[in-house]
Structures are given as structure tokens and as C-alpha cells.
**Student:** 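Handing you this structure, nothing more for now.
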Amino acid sequence: MTARRRLTPEERRTELLDTGARLFAAKPYHDVLMEEVAERAGVSRALLYRYFPNKQALFAAVYQQASDRLLDGTPIDPTRSLLAQLSAGLDVHFDYFAANRNTVLAANRVLAGDPVIQGIITDELAELSRRVLDATGLRGPARDTVRAALGAWLVFVRALCVDWLTNETFSRTELREMSLGALRGTLRAVAGAERLLGAGD
């Protein structure tokens, strides 16, 4: 074990999260051991367990951090159409999914029944939907209609991404086109679709 560095509790937690994130990205969930996380971070197992009582708690914290960063990195531009904004958001998420395949599959398959993990996913999708809707300026029944359509579309994209990561039977380009094609079809059924889709979309 490497010599322990003096860090504040916040710095130590961040270091443990970053170490955990790298291991969960590199290996399937069941192959990640808390002992290895502690060793890689240069801390004792006892100290690791003071911050995270078990592997599930560590993974949840790693996934929450990733969700927060994805939201921070998703561009929201009120001058662009709904389709253009969601298209940019897809690219940010696909980049993360491709680089963290094991992490995403763990959240959506291995821990699919875990309420904490599923709550993180649900909250992220709801927040992304809210931010995009706020940028469109939609109000009243029109907003409610588009919100419902976006909710269903996001579930579709999530399922498609999990299949892409699991089976690799179609390319990222095809994944993106299927996702955007479904979005275009959904939005065309909504009143005022031209503004949502954008002139160049």
C-alpha cells in the first residue's frame, strides 16, 4: 500500500470516488472489490468503509457524481431548437457511455432493481427534460404534452443505449440516428412542431 497523503475529508472522498469510478469503468461490477479500491487509493479498508459502508454505496456515489457532471456538461442554448439541444445532449451522454460501458451496464442491468441507482437515473432524466423545456419557453398544455413525449423518448433512448453497449450489433452512428429519428417523429405530432424541430433540422 502506498503512503497515505494528508487530505481533507472532502478531498479524500473525491479521491475515493475517482478511484472507484476508474475501477467500475474498467471492470464488470461484480469484479470490483472494495479491497482493491482501498489499495489503489492508498488507504486502509477501514477508512474506505468509513466513507462508503459497502460497494453498492460507493457505486451509487460514483454514479451520482457522473450524473451531475453529465448535466453540467450538457449544453442548453435557448436560441436553438428543442431537437438541436437534445441532439447535443445525446453526444455528451454517448461519449460517457462509450468510455464507461461497464458502469452504465451495472446501473441499468446489475443494479436495475436498486431504488437509489434508479432514482439517480430518473432524477437526471427529469432534470435534463426540465432544463430543455425551460429553454423552449413552452407553457401550459403545450409544455405538458412535450414533457410527456420527452419522458417516453428518454426511456426509449436509455433502452437502446443499453442494447448498444450489451450487444454491439449497431454502430454509434446508427444509435444516434435511431434516437434522433424517434425524436423527430414524436415532435412532429406535437402542435407547433416547426419551432421545436427548427428550420435547419
Side-chain angles (χ1 to χ4, degrees), residues 25 63-201:
Y63 210 71
Q64 181 66 69
Q65 177 178 262
S67 176
D68 293 341
R69 288 176 176 173
L70 282 170
L71 285 171
D72 289 343
T74 300
I76 300 296
D77 183 354
T79 65
R80 304 181 72 191
S81 70
L82 180 64
L83 178 62
Q85 293 188 68
L86 289 172
S87 176
L90 281 179
D91 288 332
V92 172
H93 281 71
F94 290 169
D95 285 344
Y96 176 79
F97 293 165
N100 297 273
R101 176 180 178 274
N102 287 315
T103 305
V104 177
L105 289 179
N108 288 277
R109 283 188 174 269
V110 180
L111 299 173
D114 183 277
V116 175
I117 301 301
Q118 298 315 304
I120 293 170
I121 294 172
T122 299
D123 289 347
E124 180 194 338
L125 296 181
E127 178 62 14
L128 178 59
S129 178
R130 183 194 67 77
R131 291 183 186 183
V132 172
L133 283 170
D134 285 350
T136 66
L138 289 171
R139 296 289 183 270
R143 181 186 176 98
D144 292 338
T145 299
V146 175
R147 177 191 52 76
L150 281 182
W153 176 73
L154 288 168
V155 171
F156 166 77
V157 172
R158 176 183 171 189
L160 203 59
C161 287
V162 171
D163 191 278
W164 171 57
L165 293 172
T166 302
N167 301 309
E168 300 179 353
T169 52
F170 48 91
S171 68
R172 172 173 168 158
T173 299
E174 290 172 317
L175 168 67
R176 190 176 190 278
E177 288 307 306
M178 284 189 282
S179 299
L180 291 178
L183 181 60
R184 288 188 187 96
T186 299
L187 293 180
R188 285 194 182 101
V190 177
E194 295 79 10
R195 184 167 73 87
L196 297 175
L197 290 168
D201 299 322

**Student:** Which distance, rounded to the nearest 0.5 Å, do you find between the CD1 of I121 and the CD of Q64?
**Tutor:** 10.5 Å

**Student:** Could you check if a side-chain atom of R143 sits within less than 4.5 angstrom of a side-chain atom of D134, using non-hydrogen atoms only?
**Tutor:** yes

**Student:** Let me confirm one number: the OG1-CG distance from T186 to L82, rounded to the nearest 0.5 Å.
**Tutor:** 10.5 Å

**Student:** If you round to the nearest 0.5 Å, how far is CZ of R130 from CG of L150?
**Tutor:** 13.5 Å

**Student:** Distance check, rounded to the nearest 0.5 Å: D123 atom CG versus D68 atom CG?
**Tutor:** 10.0 Å

**Student:** Is it the case that the side chains of D114 and Q118 hold a donor-acceptor pair, with the cut-off being a distance below 3.5 Å and no angle test?
**Tutor:** no

**Student:** Identify the two heavy atoms, one from N100 and one from A25, that lie closest to each other, and give their separation to 0.1 Å.
**Tutor:** OD1-CB, 3.3 Å

**Student:** Does the side chain of R131 pick up a donor-acceptor pair with the side chain of T74 at under 3.5 Å?
**Tutor:** no

**Student:** Looking at OG of S171 and CD of E177, how far apart are the two atoms once the value is rounded to the nearest 0.5 Å?
**Tutor:** 9.0 Å

**Student:** Hey, does the side chain of W153 reach the backbone of L180 with a donor-acceptor pair shorter than 3.5 angstrom?
**Tutor:** no

**Student:** Show which side-chain atoms of residues 88-98 pair as donor or acceptor with protein atoms under 3.5 Å away, not counting sequence neighbours.
**Tutor:**
unit_1 : atom_1 : unit_2 : atom_2 : d
D91    : OD1    : R176   : NE     : 2.8
D91    : OD2    : R176   : NH2    : 3.3
H93    : ND1    : G89    : O      : 3.0
H93    : NE2    : E124   : OE2    : 2.6
D95    : OD1    : R172   : NH1    : 2.9
D95    : OD1    : R172   : NH2    : 2.8

**Student:** Report yes if some heavy atom in the side chain of Y63 is under 4.5 Å from a heavy atom in the side chain of L111; otherwise report no.
**Tutor:** no

**Student:** Would you list the atom pairs, donor with acceptor, under 3.5 Å between side chains in residues 135-142 and any protein atom, with sequence neighbours excluded?
**Tutor:**
unit_1 : atom_1 : unit_2 : atom_2 : d
T136   : OG1    : L133   : O      : 2.6
T136   : OG1    : L138   : N      : 3.2

**Student:** List for me each residue that meets side chain to side chain contact (heavy atoms under 4.5 Å, CB included) alongside R101, sequence neighbours excluded, and say none if there are none.
**Tutor:** L105, L165, E168

**Student:** As an exercise, state the distance from CG of L128 to CG of L70, rounded to the nearest 0.5 Å.
**Tutor:** 9.5 Å

**Student:** Quick check: do L175 and V157 have side-chain heavy atoms less than 4.5 Å from each other?
**Tutor:** no

**Student:** Closest heavy-atom contact between A182 and F156?
**Tutor:** CB-CE2, 3.6 Å

